[in-house]
Protein chains: 2
Amino acid sequence: MATLKEIAQKVGVSVSVASKVLNNSRTNARVSDSLKQKILETAKEMGYRPHQLARALAKGKTYNIGIVFSYPPHIFLRDLSSSQIVAAVWDKVNKAGYSIFLKSARGKKLGYFPPIDDLIGKVDGLLAIGPVREDDEEVPRWNDLKIPIVLVGNHPKFKGSVVDVDNELGGYLATKHLLALGHRRIGLITISLEPSYARERYNGYLRALKERGLQPKEEWVQITEIGDEGGYKAAKKLLSLQEPPSAIFVSVGVCARGALEAIKGAGLDVPKDISFIAFDRFMENFPKDIQITTVDWSFYKLGLLSTAVLLRLLNGELKAPVERRLPVRLIQGSSTGKPKEKMARKEVKNNE
Amino acid sequence: MATLKEIAQKVGVSVSVASKVLNNSRTNARVSDSLKQKILETAKEMGYRPHQLARALAKGKTYNIGIVFSYPPHIFLRDLSSSQIVAAVWDKVNKAGYSIFLKSARGKKLGYFPPIDDLIGKVDGLLAIGPVREDDEEVPRWNDLKIPIVLVGNHPKFKGSVVDVDNELGGYLATKHLLALGHRRIGLITISLEPSYARERYNGYLRALKERGLQPKEEWVQITEIGDEGGYKAAKKLLSLQEPPSAIFVSVGVCARGALEAIKGAGLDVPKDISFIAFDRFMENFPKDIQITTVDWSFYKLGLLSTAVLLRLLNGELKAPVERRLPVRLIQGSSTGKPKEKMARKEVKNNE
DNA sequence: TTGAAAGCGCTACCAC
DNA sequence: GTGGTAGCGCTTTCAA
């Protein structure tokens with residue numbers, strides 16, 4: 001681990017020359033071959049490896065990009081789906097010649113981004129991954145950082161670039177699919193509308209309904225907690241309505257299984273008695289006996305897209321912050337079909 | 001993103017004082033409160049965030065540790081088991097105040113460690129994770145790096161610290177278990193003995209046998225390829241021997257399922273007709289209908305142990321390179337039992 | 001062709 | 001209490 005200086009001294013030459021040669025810089029051409037030879041040789045002999053920190057400081061570029069998570073690693077990596085985003089970024093970023101810096105939330109502040117002060121100067125750009133809360137106070141602080149930052153998600157006060165799944169479109173597609181089949185009473189199971197993705201999916205749902213001139217009843221929209229339990233409770237409520245929906249759209253995949261159980265528990269058949277559709281296809285724990293119609297997207301692609309944006313920002317190909325949406329598509333399974341009886345529709349109309 | 005200098009100028013004070021205050025260094029006490037106040041304030045106002053690179057260069061310490069993989073991320077992160085090692089390291093390292101640098105093999109050179117030149121100076125220490133080949137040429141180059149390196153695995157020419165599963169003990173325990181049950185003809189299914197872990201497990205097997213005064217017949221040791229297919233073929237060979245073993249020890253978990261299939265395919269019952277034991281409990285794809293007796297260890301713990309060693313090296317608590325073994329334990333399932341008939345043993349003895 | 005020197009931003013030692 | 005200054009190891013501009 002010799003330094004440039006040591007090499008230079010040994011060869012009896014100045015640091016600048018040694019630097020030029022070892023970096024193959026353009027001015028390198030104007031160094032005599034003999035010297036070039038000698039420098040290269042002794043560098044190898046002495047096992048010279050440039051000190052990347054010093055180099056970065058001098059050049060003003062680190063060739064590192066940072067990834068910050070709003071969840072601790074064991075949560076992120078435990079899940080087969082979400083770890084794909086790391087894999088994607090890692091692959092792509094390495095290919096572009098950058099190294100990766102990892103930073104994640106710690107301790108109590110689950111779901112909030114950690115302070116990234118210790119990354120300042122260590123990275124050329126930043127990728128922020130994970131659910132974003134509106135009340136996250138770290139995110140707004142990023143606005144006056146002068147490195148490019150790509151947020152995978154959304155925050156009202158964030159001014160940098162944003163990449164996310166096209167949630168609104170997904171919500172729209174799912175709802176439209178049900179409408180096209182003839183459903184008019186479509187229940188929505190979602191989590192709190194505070195996280196941007198939940199709200200966006202909800203907006204898509206609304207748009208599709210309005211497009212058909214339908215005004216969703218308040219009780220059709222069930223806000224519940226994340227997880228099986230949440231899905232179960234919400235579906236139960238929907239089913240116990242005076243006029244239960246003929247179709248249920250679960251806009252947050254992790255609630256789907258619970259919701260399905262509730263439906264089965266009520267002795268209903270999918271899709272004969274009720275149609276069922278869910279956002280987020282990546283749930284490994286979906287039941288195998290029925291192919292659920294889903295809105296599909298992949299973490300891997302999301303990672304790829306975010307990285308692409310960041311890399312462009314870094315290259316200067318993109319000047320201003322941008323917003324990108326990862327396309328989603330509807331994958332039709334056997335969980336959606338025509339509504340059971342036309343009666344259902346009429347009843348609703350009569351009631352309106 | 002103001003610099004120290006700018007802060008200092010604005011306050012009308014020298015950089016050194018500003019530095020002291022902002023770092024809360026011990027000499028900080030000897031700065032007048034009024035100045036302290038002012039400096040702190042304007043630093044906040046100007047949104048000062050210390051440039052970590054410069055700081056690191058000056059202090060000679062980066063507070064980064066690097067993780068290098070001999071496999072590309074999509075292979076490592078795809079697997080629920082092996083991604084746990086990243087989670088463990090990440091958790092622990094963050095807790096110790098370090099950030100993580102990621103680097104992995106790329107392109108064709110699957111299974112070989114990538115050059116880590118671009119990490120030089122960027123990290124205080126290195127964790128190398130992934131199967132190590134004896135002919136890996138990068139690993140020996142690490143010997144003259146002056147940062148501590150922990151290799152999770154083993155390489156004949158590597159002089160740094162080494163952490164690995166206690167493979168030898170595992171091989172020993174598994175074999176001893178079978179011996180204790182009364183088995184005397186114990187087949188071993190392994191992959192090439194070149195990777196250290198395979199060889200070590202084999203050695204454990206030998207030790208247990210020798211301890212009982214048994215000389216393993218050559219045909220009892222089947223060397224095969226990794227995977228189901230490999231396990232299947234090897235088990236078939238063992239079963240077709242003139243004197244088939246009364247127990248089979250699969251020393252590489254990924255071959256276990258294939259081996260089991262061969263056994264079932266031969267119409268044999270486990271454990272009635274033949275006992276079965278495997279190394280590596282983490283296989284998610286083990287059959288559910290039978291609890292296989294296994295040698296257990298966890299990637300997460302391996303990650304924890306490696307990190308602990310590296311952290312100690314970094315703290316100076318450990319001076320010279322060390323070797324640590326992660327304990328394994330035998331988890332008894334229902335796949336091992338007494339040999340079918342005492343006859344079997346007698347026959348063997350007669351033949352010897 | 002080669003080298004001196006400034007500077008990247010910060011730390012730490014030493015003098016005032 | 002406060003400030004000057006010498007680096008950390010490297011790049012780059014400008015002279016020689």
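By convention in this document, chain letters (A, B, ...) are assigned in the order of the sequence lines, proteins followed by strands, and residues within each chain are numbered from 1. What's counted below: heavy atoms across the whole structure, side chains too, no hydrogens, waters or symmetry copies. Predicted, not measured: the structure shown is a model, and the values here were computed from it.
Looking at A/Asp91 and A/Tyr300, their side chains do bring a donor and an acceptor atom within 3.5 Å of each other. A donor and an acceptor atom, one from each side chain of A/Tyr112 and A/Asp135, are located under 3.5 Å apart.
The side chain of B/Lys59 sits closest to C/dA12 out of C/dG3, C/dA12, D/dT2. The listed nucleotides are D/dT12, D/dT2, C/dG3; the one nearest the side chain of B/Leu35 is D/dT2. Candidate nucleotides C/dC10, C/dG3, D/dT2 were compared by shortest atom distance to the side chain of B/His51, and C/dC10 ranks first. Comparing D/dC10, C/dA5, C/dA12 by their closest approach to the side chain of B/Ser16 singles out C/dA12. Distance from the side chain of A/Leu57 is smallest to D/dG9 among C/dG3, D/dG9, C/dC10. The side chain of B/Lys20 sits closest to D/dT2 out of D/dT11, D/dT2, C/dC10.
Between the CD atom of B/Gln9 and the P atom of C/dC10 there is a distance of 12 Å, given to the nearest Å. Rounding to whole angstrom units, CG of residue B/Leu53 and P of C/dC8 are separated by 14 Å. Whole-Å rounding puts the A/Asp33 CG to C/dT1 P distance at 8 Å. Nucleotide D/dT2 holds its C1' atom 15 Å from the NZ atom of B/Lys38, rounded to whole Å. What separates NZ of B/Lys61 from P of C/dA12 is a distance of 13 Å, to the nearest Å. When rounded to the nearest whole Å, the span between CD1 of A/Ile120 and C1' of C/dC10 equals 15 Å. Atom CD of B/Glu6 is separated from atom C1' of C/dC8 by 13 Å (rounded to the nearest Å). In this structure, B/Ile7 atom CD1 and D/dT2 atom P are separated by 17 Å, rounded to whole Å.
Between B/Trp90 and A/Phe69, the ring centre distance stays below 6.0 Å.
For the pair A/Ser32 and C/dT2, the criterion of a side-chain N or O lying under 4.0 Å from OP1 or OP2 is met. Within the 4.0 Å cut-off from OP1 or OP2 of D/dG9, not a single side-chain nitrogen or oxygen of A/Tyr48 is found. Contact between the side-chain N/O atoms of A/Arg55 and the OP1/OP2 oxygens of D/dG9 is not found at any separation under 4.0 Å. For D/dC10, neither phosphate oxygen OP1 nor OP2 lies less than 4.0 angstrom from any side-chain nitrogen or oxygen of A/Asn23. Remark: B/Ser19 is not in phosphate contact with C/dC10, judged by side-chain N or O atoms under 4.0 Å from OP1 or OP2.
With hydrogens and angles ignored, the 3.5 Å screen pairs no side-chain donor or acceptor of A/Asp124 with any backbone N or O of A/Ile65.
Environment of CZ in B/Arg312: sparse, with no more than 12 heavy atoms of neighbouring residues, nucleotides or ligands closer than 6.0 Å. By the neighbour-count criterion of 12 heavy atoms within 6.0 Å, atom NZ of B/Lys61 is densely surrounded, having more than that number from other residues, nucleotides or ligands.
Nearest-nucleotide mapping onto DNA chain D: of B/Val13 and A/Ala58, the residue sitting toward the 5' end is B/Val13. Of the two residues near DNA chain D, A/Val15 and B/Val15, the one whose nearest nucleotide lies more 5' is B/Val15.
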